[in-house]
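Take a look at the structure below.
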Protein chains: 2
Amino acid sequence: MARPLGFDPEDARTALMNVFWARGYEATSMQDIEAATGLRKQSLYRYFGDKHAMYLAALRSYEECVVAEAERILGETPGPARARFSALLDWVIRSSSDTGGMRGCFLANASAEASAADPETAEVLAAMSGRMADAFGAALAADTKYRDDADLRRARTRHLLAAYVGLRVLVKGAFDAAAVREAADDLLLSV
Amino acid sequence: MARPLGFDPEDARTALMNVFWARGYEATSMQDIEAATGLRKQSLYRYFGDKHAMYLAALRSYEECVVAEAERILGETPGPARARFSALLDWVIRSSSDTGGMRGCFLANASAEASAADPETAEVLAAMSGRMADAFGAALAADTKYRDDADLRRARTRHLLAAYVGLRVLVKGAFDAAAVREAADDLLLSV
DNA sequence: CGAATTTGTTACCGTTCAGTCCGTAATTAT
DNA sequence: ATAATTACGGACTGAACGGTAACAAATTCG
C-alpha cells in the first residue's frame, strides 16, 4: 500500500557484517555504518532499530555466510577427518588473503570484545560457536577412531576449535601467512 | 625540588591494565579510568600523556605481570615439555577462576580489537606474542625430540600458541571451566 | 621564612556520539 | 486524480567523549 523499500535488506546486512567485522562494535560509528551501507541513519534506524540491533544482524549475517560455509566444507569434503580440516584451513587462509586486510574471524573478534553485560550478543556468539563445534565434531566422526569414542571426540573438538580461533586471532597481528600455514599444518597432525 | 607524586605509578599502571583488560580500549572511557585508578583525569593526562598512551602502559604492565609469569612457569617447571605446558594451563585456569569474571587474555583481546591503523599497539602486541612464542619454544626444547628438530619445534610452538590464545578467547563466552580443562588436557596430548 | 615548582582539583572546551523530528518525495489504493 | 501511507534526507538534540586551562594546596630548596 505504500512506497517499497529503496534498498536490499540482504545487501545492507552484508555491509553491516563487513564494517563491524573490520572495526568491532565500539569503534564503529554511525558515520562508518552510513558509509559502508550507502544508507542514511534514518533508514537504518527504522529498519534495524538501533546500533546494537545492527550489530546482532551483522553477527547473524556472518553466521549465515561464514559459519554455514565452514559447515559445508567440513561436511562435504570427502575422506577422513584430517582431509576435511585441511580443506577448512585452506579455505580460511585463502579467504584471508583475498580480502587483503587481516580481519580475523568475526566470531573470535566479537568474543574477545564482548562484555559480560551483553547477554544478547553472548547468546548469538554461543549459538555460533556451538554450530562450529557441532560441525567440527561431525567432521571428526568421519574417522572410526572418533566415531567410537565420544569423549575423545568432544575433547578433540574443543582443542581444534580453540586452535582454529587462536589462529584467526593471531593472524591479525602476530602471525604472517607462512606462520599460519605452518601452524595449520602442525595442527592437522593432531587430528 | 617540588611536591612529590601523590600516587604510586606502579599501582596506577596495574589499575589501567585491569580496566583495559576487562573492557577493551574503545569501550573504556576516561570516567572508567578515573574510577579504576582513583585518580583524576588531569593527574593521569599529566603522567601518561593521553588515553592511547595509557593503553600502551596497560599493555606493558600486562607484559610485565602475566607474560613474565608465563615465562617463569614454562622455564622453571621441571621435567619434560608436557609437564611445563600442563603447569602453564593449570595456572591459566586457576587465575581465570580467581578473578571470577572471564576476562580472557589481554594480549588476545587486544589483538582481536586492534585496528591496522595503530602501529604502536601492533608493535607492542608483536613483541609480547614473540616473547610468548620464545617461551613456548624454549619449553618444548626440554624434550630432545624438539631440541633436535628446529622445524618441528617452530611449527609446534605456533600450534600451541594458537591453541592457547583460542582457549583464552573462547573462555569469555563459549567455553565453561570444564570445557577449558578438557580442551587443555587434549591439547597436552599433542605436545 | 619565602620563592619556586609541581601536584591535585574544578570547571570548562570543542567535537562526536547515538538517536530523533519533520518536511518532502514516492508509491499504492480508491 | 486524489488521498493515504510509507520511505527518504537534512537538520537537530542532549549527552558523553577525550582533552585542556586555570587555580589552589603542598613540598623542597635557598
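Throughout, protein chains are lettered first and strands after them, A, B, ... in sequence-line order, and every chain is numbered starting at 1.
- A:Leu39 places its CG atom 8 Å from the P atom of D:dG9, with the value rounded to the nearest Å.
- For the pair B:Arg40 CZ and D:dA24 P, the computed distance is 19 Å after rounding to whole Å.
- Looking at A:Ser61, its side chain never comes within 3.5 Å of a backbone N or O of A:Ala57 through a donor-acceptor pair.
- Across all strands, B:Phe7 comes closer than 4.0 Å only to sugar-phosphate atoms, never to a base (heavy-atom distances).
- Atom-to-atom, CG of A:Asp8 to P of D:dA7 comes out at 15 Å; the value is rounded to the nearest Å.
- In terms of phosphate contacts, A:Ser43 brings a side-chain nitrogen or oxygen within less than 4.0 Å of OP1 or OP2 of D:dC8.
- Within the structure, side chain to side chain donor-acceptor pair (under 3.5 Å) pairs that include any residue of residues 82-93 of chain B comprise B:Asp90-B:Arg181 (at least two apart or interchain).
- Remark: P of C:dT6 and CG of B:Leu5 are 12 Å apart, rounded to the nearest angstrom.
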Side-chain donor/acceptor pairs under 3.5 Å, residues 133-147 of chain A, sequence neighbours excluded:
residue: A:Asp143; atom: OD1; partner: A:Ala81; partner atom: N; Å: 2.9
residue: A:Tyr146; atom: OH; partner: A:Arg156; partner atom: NH1; Å: 2.9
residue: A:Arg147; atom: NH1; partner: A:Ala141; partner atom: O; Å: 3.1

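- Distance from the side chain of A:Pro4 is smallest for C:dT27 among the nucleotides C:dT9, C:dT27, D:dG10.
- Residues that satisfy the side chain to side chain donor-acceptor pair (under 3.5 Å) test with A:Glu64, not counting sequence neighbours, are A:Arg13.
- Separating the CD atom of A:Glu34 from the P atom of C:dT16 is a distance of 15 Å, rounded to the nearest angstrom.
- Residues satisfying the salt bridge (Lys or Arg N to Asp or Glu O under 4.0 Å) test with B:Glu71, not counting sequence neighbours, are B:Arg131.
- If you take CZ of A:Phe48 and P of D:dC8, they are 12 Å apart, rounded to a whole angstrom.
- For A:Arg46, the side-chain contact (heavy atoms from CB on, under 4.5 Å) criterion is met by A:Gln42, not counting sequence neighbours.
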Could you run through nucleotides 17-25 of chain C and give me one letter per nucleotide, 5' to 3': B if any protein heavy atom sits under 4.0 Å from the base, S if only the sugar-phosphate is that close, - if neither?
SBBBB---B

